Structures are given as structure tokens and as C-alpha cells.
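Everything numeric here is computed off the predicted structure, so don't read it as measured data.
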Amino acid sequence: MNETIKRSISGVICVLAVVAGLIINKFLYAGLLVFMMVTMMGEFYRMTLGKRYQFSRMLAILAGLVIFALLFSWSAYHIPLQYLSFTMLPLFIVMINSLYVSDKHDFWRFSHIYVGLLYIAVPLALSNLIVFQEQEFNGMLLLCFFVIIWSSDVGGFVFGSTLGKIFKKKLFPEISPKKSWAGFWGGIVLAIAASLVMKQVGWLEYPVIHCVLLAIVMNVAGVYGDLFESQWKRCYEIKDSGHLIPGHGGMLDRFDSTLFAVPAGVMYLVLCGL
């Protein structure tokens, strides 16, 4: 099958899965986010640690799930706020466990365990604060964030693969040789267009200027998220973080920009009092 067709089909399936998880109910949303978290953390640890520290990696993934579960329970059911302090417990267990690992060779790599938690688990767990308002589940804002990210990706790909052949200046050639400034600006254009369309149909209820600035902020953050993952892959000399999604690679390859773009979007709205 043609690589572009394969990429398109798998991309559509990913989009449908995310849309279903964000509009049907909170349990499907939770299942989707848990699957993404476990898969992406697993891919990151395979990439950075190989076969080292298997038990510690499982503990870290479990810690991420506990953090997600506690934030989900607080957001959806308003468990007492003090129970959120238990999010620190699995982190302490991971740190204490590091003292007992028998393999002390290249022990500095154990720090990647914490990177996986901060880089992947924390942003996904904090998404609970976006989709719940007064215990009511509403995934529309997070869905709008995804639409902006997807539009940015499409714009980057289309403009980069066409105009990038004419305007050849690269964005970060030492990290990602295929990324061009043409693709970067194309991503911004399509992200802004998507935010304005969503404003027009009533999905985004913010003033036009904030819709435009939100798209720009999320596009820039998403590009950095993509480059951040590319840096890791270049460091460990691998092409893809996994092979779960045909034409895209692993789950981390597909959602790397999301891990930066969504928190950036939330911070923008919070700082602007929106």
C-alpha cells in the first residue's frame, strides 16, 4: 500500500478514536488517555533504556496511572482535595526503588524514568482539569485543542512538502532535517484558520484575537514538542518510537506535539483569564 494512503488511513482512525473519547463519555475518555499514557511511556522507556530497569519502568507507569486516577476522581467526583497529596506516593516509591536496583552500570540512565513521568504522564493527567467543569464532563475544549494541533500538522506537512522544495531553509536541520520554515508558517496558517472556523461555529467562545493567539501559541509549542521527541530519537539513533500506527510510527511519534501544545494552550487561557 502507498505510504501516503497508509498514513492517511491510520491518521483518520486516530482522529476518530480521539473524537469518540472526547464526546461520548468520561469513561471512554479515561480509557483513551490511559491507553495513550501506558503506550507512550512504554515507547519512551524502550527508546531510552532498552531492557534496563524493567521493574522500575513498570512502577513509573503505575505511578503515572495513579496520578491520572486521582486527578480524574477529584475532577469527576470531587474526592476530598487532601487525597491529591497521594500523587506524591508513587513518585517516592519509584525513587526509593532506585536504591535497590542491582544494575548500577550507567545508573545515570535511571533519570529517564523521571523524564518519562514529567514529559508524558503529568501533561496527560492534567488534561482532567480541562474536560471537567463542576464534575460535568465536557471534552469540547480539549477536542478544539486537538483540531488546532491536527490542522497545524497538516499545514506543516502540505506546505513543507510543496513550498519547502522552493524555500529550502530548514528549521532545525541538526535535529529534524525535513522540517522547514515553509512548513512552520504553513502550520500557523492552518492552525489559525481552524481556530477561526471553530469560533464561527461556536466551538470556541473566546474573542477572535484570542482564538488567533491561542492557535499561534499552540502551533509554536507543538513544533517544539515534535522537535523535543526528535532530539531523543536522534540521540538514540532510531527512526520511530514504535510501530503501532502504520505510516506514523509509535504513539509518541503521533502525539509528541500534543504533550507541549495542550499545556501551552491551557496556560495561555489561564494567563488571559479565559
> Mind telling me whether F260 and Y119 have parallel, tilted or perpendicular rings, with 30° and 60° as the class edges?
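If you compare the ring of Y119 with that of F260, the planes turn out perpendicular.
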> In Å and rounded to the nearest 0.5 Å, what is the CE to CD1 distance from M88 to I67?
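Here the rounded value is 8.5 Å.
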> So how far is it from M41 CE to I113 CD1, rounded to the nearest 0.5 Å?
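CD1 of I113 is found 8.0 Å from CE of M41.
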> Could you give me the CA-CA distance, side-chain angles and deciding distance for W232 and D256, then say whether side-chain contact (heavy atoms from CB on, under 4.5 Å) is met?
CA-CA 11 Å; W232 284 101; D256 51 2; over 6 Å; no
> Between R57 and G50, which heavy-atom pair has the shortest distance, and what is it?
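Of all heavy-atom pairs spanning R57 and G50, the closest is NH1-O, 2.6 Å.
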> Looking at side-chain heavy atoms only, is the closest gap between Y114 and S98 below 4.5 Å?
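Sidechains of S98 and Y114: in contact.
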> Could you state the interatomic distance from OG1 (T258) to CD1 (I148), rounded to the nearest 0.5 Å?
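It comes to 11.5 Å.
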> CZ of R46 to CD1 of I238: how many Å apart, nearest 0.5 Å?
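Those atoms lie 9.5 Å apart.
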> Short question: side chain of R109, backbone of L49 - any donor-acceptor pair under 3.5 Å?
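Not at all, since once roles are kept as given, no pair shorter than 3.5 Å links the two residues.
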> Please evaluate residues L141 and L269 with respect to the criterion side-chain contact (heavy atoms from CB on, under 4.5 Å), reporting the C-alpha separation (whole Å), side-chain torsions for both, the decisive distance (0.1 Å), and the verdict.
CA-CA 11 Å; L141 178 57; L269 295 178; 4.2 Å; yes
> Look at the aromatic rings of F72 and F132 and report parallel, tilted or perpendicular, splitting at 30° and 60°.
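Answer is perpendicular, since the angle exceeds 60°.
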> Any chance the side chains of D226 and S257 put a donor and an acceptor closer than 3.5 Å?
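No, because no side-chain N or O of D226 sits under 3.5 Å from a partner of the opposite role on S257.
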